[in-house]
Q: 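Encoded as structure tokens, here's the structure I'll be asking about.
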Protein chains: 2
Amino acid sequence: MRDLTRKQQNILEFLLTHQNNFTYPPTLDEVCSALGLSSRGSLHKHVKALIEAGLVEPSERKQKGVRLTEKARQLVPSVGETVGTPFVGYIAAGKPIEAVTQVSYIAIPEQIKTDKSCYILQIKGDSMIEEGIFDGDWVIIEQRSVARNGEIVVALIDKAEATLKFIEQYPHETLLIPANSNMSAMKFKPEQVEIQGVLVGQMRSYIK
Amino acid sequence: MRDLTRKQQNILEFLLTHQNNFTYPPTLDEVCSALGLSSRGSLHKHVKALIEAGLVEPSERKQKGVRLTEKARQLVPSVGETVGTPFVGYIAAGKPIEAVTQVSYIAIPEQIKTDKSCYILQIKGDSMIEEGIFDGDWVIIEQRSVARNGEIVVALIDKAEATLKFIEQYPHETLLIPANSNMSAMKFKPEQVEIQGVLVGQMRSYIK
DNA sequence: ATACCAAGAGAACAAATAAAGAACAAGTAT
DNA sequence: ATACTTGTTCTTTATTTGTTCTCTTGGTAT
């Protein structure tokens with residue numbers, strides 16, 4: 001078997017990622033648009049090379065889609081467990097969480113998530129800047145409705161506005177404390193504050 | 001076999017790191033941009049020297065990139081088929097980079113890396129705290145030896161101490177500027193400062 | 001100064017690879 | 001049946017990549 005060209009490896013990589021997020025294999029057109037191609041014809045040659053390399057099932061005309069072989073799946077063992085974490089929306093201090101219309105999935109390393117159910121929000125604004133969480137950062141939130149004192153939580157206040165703050169809970173009072181020391185802690189009755197999750201990870205891109 | 005020039009060693013170093021991040025070797029153009037060259041022709045001479053030294057496979061006039069030989073691969077502890085970005089060590093302002101004895105690999109999302117050769121360092125200390133990079137954070141570094149002014153770079157000063165700082169380069173002076181405004185910019189002669197990579201991503205865990 | 005050498009920029013070229021688009025066939029949906 | 005989607009094949013055109021040359025610069029030895 002001859003070596004794969006770089007393009008062919010890119011396609012293989014896409015197919016491996018795709019099968020982690022979808023149960024059906026992608027059609028040629030879907031692979032095209034994922035790779036920025038505008039002609040199925042161009043792609044097909046690469047797929048044919050992958051078939052000859054035994055990495056893609058030869059098509060049977062009725063089972064549509066570009067389907068990987070068992071051999072290909074064994075090629076990359078370490079991608080196995082990374083099911084993506086859903087990116088669900090934006091959080092700006094003082095506003096409700098703004099959900100994205102189309103949820104996308106980002107495969108994140110286990111170091112910055114827990115093995116519980118997690119989701120991803122993107123930060124708008126500088127309300128957490130002293131905690132090292134900047135405008136545009138992504139935060140990984142473990143979905144749960146209780147927190148320990150001192151954890152950073154996504155809190156929904158009066159069912160209207162969301163915020164990311166340190167929490168301190170006492171029998172008759174819940175405090176939400178911004179990292180920014182210019183702002184002071186806010187006091188609420190426990191029933192006003194609904195915990196939507198706990199901060200477990202964060203990431204940031206420096207690429208323009 | 002004659003000794004390698006400094007430039008040739010840089011190239012070799014780049015190739016060794018690159019093979020940890022990709023399954024395919026880099027093209028001449030990619031090596032050029034990592035080393036800050038603007039002409040393939042110039043690079044090609046060095047590559048030819050590496051071929052003669054038996055460290056790079058002679059090309060077969062196919063577009064297969066700059067491929068290391070078995071001999072060259074044995075220069076570093078072998079990595080095999082790993083997928084992911086290598087975690088190579090710790091960086092503390094003012095000290096050399098402390099390499100881990102056993103390199104591990106972390107699959108990180110494409111949002112916080114580039115499609116070039118990248119590696120991961122873990123931060124020790126608070127020297128970048130105003131840039132939102134804390135003690136214990138991981139940073140993703142794109143491996144290259146040139147930077148644009150204003151980028152955050154891993155710089156090796158006088159071949160002895162590493163640091164993560166904003167860089168400003170002028171014809172006869174290189175400035176390294178800490179984010180922490182309590183510290184002032186440091187001035188160096190250009191030849192004192194060796195750029196080892198550029199910051200492209202960051203991540204943090206809040207899990208104890 | 002003169003000669004020499006390593007490095008790099010840029011132009012030019014050929015081989016390999018990739019892409020677009022047309023055309024058509026086999027299945028699917030209406 | 002008819003239209004639509006999906007996979008396949010083909011030809012033509014464009015882009016990428018490796019290679020070789022020439023020219024320039026800056027440093028070093030003679």
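Below, each value reflects all heavy atoms present in this structure, side chains not excepted, and no hydrogens, waters or symmetry copies. In the text below, chain A, chain B and the rest are named by the order of the sequence lines, each starting its count at 1.
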Q: Taking ring-ring contact (aromatic ring centres under 6.0 Å, His included) as the test, write out the residues that go with B/Phe188, two or more places apart.
A: none

Q: Answer yes or no: side-chain N or O of B/Ser39 and base N or O of C/dG10 forming a donor-acceptor pair under 3.5 Å.
A: yes

Q: If you look only at pairs with a residue in residues 144-158 of chain B, which of them pass as a salt bridge (charged side-chain N to carboxylate O under 4.0 Å, His left out), with sequence neighbours excluded?
A: B/Glu142-B/Arg144, B/Arg144-B/Glu151, B/Arg148-B/Glu151

Q: Can you list every pair that meets salt bridge (charged side-chain N to carboxylate O under 4.0 Å, His left out) and has a residue in residues 179-199 of chain B, with sequence neighbours left out?
A: B/Lys159-B/Glu194

Q: Rounded off to whole Å, could you give me the NZ-to-C1' distance for the B/Lys7 and C/dC5 pair?
A: 17 Å

Q: Passes side chain to side chain donor-acceptor pair (under 3.5 Å), A/Ser117 versus A/Gln143? Steps please.
A: CA-CA 6 Å; A/Ser117 176; A/Gln143 189 171 25; 3.2 Å; yes

Q: Under 3.5 Å, side-chain donor or acceptor atoms of residues 122-129 of chain B against the rest of the protein: list the pairs with distances, not counting sequence neighbours.
A:
unit_1   : atom_1 : unit_2   : atom_2 : d
B/Gln122 : NE2    : B/Gly136 : O      : 2.9
B/Lys124 : NZ     : B/Glu98  : OE1    : 3.3

Q: May I have the distance from B/Glu57 (atom CD) to D/dT19 (atom C1'), rounded to whole angstrom?
A: 18 Å

Q: What is the distance from OH of A/Tyr24 to P of C/dT28, rounded to the nearest Å?
A: 14 Å

Q: Where along residues 40-51 of chain A does a heavy atom come under 4.0 Å from DNA chain C, residue by residue in number order?
A: A/Gly41, A/Ser42, A/Lys45, A/His46

Q: Could you go through B/Val198 and B/Ile141, starting from their C-alpha distance and side-chain angles, then the distance that decides it, and tell me whether this counts as side chain to side chain contact (heavy atoms under 4.5 Å, CB included)?
A: CA-CA 5 Å; B/Val198 174; B/Ile141 307 295; 5.7 Å; no

Q: Would you kindly give the CG-to-C1' distance between B/Leu37 and C/dG10, to the nearest whole Å?
A: 13 Å

Q: C/dA9 phosphate, OP1 or OP2: any side-chain N/O from B/Ser38 under 4.0 angstrom?
A: yes

Q: Can you pull the ring-ring contact (aromatic ring centres under 6.0 Å, His included) pairs that have at least one residue in residues 23-59 of chain B, sequence neighbours excluded?
A: B/Phe22-B/Tyr24

Q: Going by the rule ring-ring contact (aromatic ring centres under 6.0 Å, His included), which residues pair with B/Phe14 if we only count those two or more places apart in sequence or in a different chain?
A: B/His18

Q: I'd like to check the side chain to side chain contact (heavy atoms under 4.5 Å, CB included) partners of A/Ser42; sequence neighbours left out, ordered by chain and number.
A: A/Ser39

Q: In whole angstroms, how far is the C1' atom of C/dA6 from the CG atom of B/Asn10?
A: 15 Å

Q: Let me test you: for the helix from C/dA1-D/dT30 to C/dT30-D/dA1, what is the angle between the axes at its two ends (five pairs each), rounded to 10 degrees?
A: 30°

Q: Counting only side-chain heavy atoms from C-beta out, which of C/dA19, D/dG7, D/dT17 sits nearest to A/Leu28?
A: D/dG7

Q: Rounded to whole angstrom units, what separation is found between the CG atom of A/Asp29 and the P atom of D/dT5?
A: 10 Å

